[in-house]
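Presented below is the structure to which this report refers.
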Amino acid sequence: MLKLLDSHLHNNGSKDRLRHLIMYIARAAKYINHELQMGDMGAAGSQNQFGEEQLALDVLADKIIMQNLDVCRLVCNIISEEQDAEVKCDCKRNKEVYSVAYDPLDGSSLVETNLSIGSIFAIYEGEGFIGRTGREMVAAVNVVYGPRTTLLYTMGKGTHEFTLNDVGEFTLTQENLQLKDVARNFAPGNLRAANINDKYRKLLNYWMDEEYTLRYSGGMAADINHILKKGQGIFTYPPNPPKYPDGKLRLLFECNPFSFLVEQAGGSSSNGEIDILDMKVEDWHQRTPIYIGSKKAVEKVIEMMK
Ligand code: AHM
Ligand code: MG
């Protein structure tokens with residue numbers, strides 16, 4: 001018997017409104033998936049606020065998600081990695097409402113090479129993001145568009161994987177993903193940082209001396225998904241000042257939702273000092289160094305990068 005996303009959310013104790021919201025997110029992912037098969041892979045001719053070139057697909061994925069979050073009327077505040085500021089929507093304010101932060105197409109520069117990319121979502125109850133921590137998220141979702149399209153979600157009761165089938169349903173493929181404490185794979189982001197940070201160079205050497213297996217695609221959505229599916233691994237993205245004094249990856253759109261998904265699978269994540277999920281959001285586009293994956297591997301990184 002197929003286990004559908006909708007009934008899994010229900011059986012997992014989801015409030016109806018949160019379940020509807022996640023189903024709208026899944027719907028957006030199906031449309032994005034379709035565009036990836038059929039759509040324009042070229043440049044949009046525009047840049048985001050950080051001067052990064054946008055692809056037609058970045059812009060389209062952003063629109064598809066924004067429209068779905070808007071029409072469901074459950075979301076008051078939305079912030080996208082592709083937008084400068086928060087968007088306020090018409091929601092049913094008298095009832096339980098949500099705020100959603102998302103990265104519409106993480107790793108989109110990989111799209112022309114046909115490597116996997118993803119859409120990442122962080123869902124909070126109530127209105128707005130500033131001053132809150134990742135601990136306040138009520139759900140996180142990561143959709144990976146690869147040879148198959150898969151969706152991971154957590155609502156704080158485990159991390160579960162679904163796969164999109166031919167008739168457009170996400171069906172359960174793995175319940176309660178589990179990370180071992182010890183990693184054997186490493187996904188070292190931002191090797192440029194090793195030029196200015198000898199500790200990172202030593203950490204890289206440690207992994208090589210210990211004969212870890214390199215598994216790094218350059219797309220965080222796929223790299224974290226790899227760790228979760230293989231049941232072990234460590235992903236790092238340290239800072240490299242002056243260009244990225246806090247690293248490149250964003251707290252709201254990437255680090256928080258992945259930290260929630262990984263913690264719910266028994267792993268952990270840190271910025272080198274505190275857990276990512278304990279960081280206070282001060283700015284929508286705030287960046288943070290991140291070390292995430294198997295618990296003991298994260299501890300080792302913190303110790304060596306101190
Ligand atoms: P994006 O959201 O613009 O796609 O950037 C995030 C991506 C991550 O998926 C990945 O880990 C990182 O950028 C790699 O960046 P770089 O190759 O610049 O080190
Ligand atoms: Mg991204």
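Note that ligands are numbered from 1 as they come in the structure, with each ligand's atoms numbered from 1 the same way. Residues: numbered from 1 along the sequence shown.
- None of Leu69, Val97, Val138 except one satisfies the side chain to side chain contact (heavy atoms under 4.5 Å, CB included) rule with Leu21; the exception is Leu69.
- Residues Thr236 and Trp207 form a side-chain contact, since some pair of their non-hydrogen atoms from C-beta on lies under 4.5 Å apart.
- At a cut-off of 3.5 Å, with distance as the only test, no side-chain donor of Gln232 or Ser294 sits close to an acceptor on the other residue.
- Considering all non-hydrogen atoms of both residues, Leu110 and Ser116 come closest at CD1-O, 4.0 Å.
- Listed here is the closest heavy atom pair of Pro245 and Pro239: O-CB, 3.1 Å.
- By the ring pair (Phe, Tyr, Trp, His ring centres under 6.0 Å) test, His226 is found to be paired with no residue, residues two or more places apart in sequence or in another chain being considered.
- In terms of modelled atom types and a separation under 3.5 Å, the side chain of Asp106 and the main chain of Met220 share a donor-acceptor contact.
- Residues of the protein with a heavy atom under 4.0 Å from ligand 1 are Glu81, Asp103, Asp106, Gly107, Ser108, Arg192, Tyr216, Gly218, Gly219, Met220, Phe235, Tyr237, Lys248, Leu249, Glu254, listed by chain and number.
- Nearby protein atoms of type N, O or S around the Mg ion (ligand 2) amount to 3 (distance under 2.8 Å).
- Among pairs with a residue in residues 238-259, those fulfilling ring-ring contact (aromatic ring centres under 6.0 Å, His included) read Phe253-His285, at least two apart in sequence or across chains.
- At least 2.5 Å separates the SG atom of Cys76 from that of Cys89.
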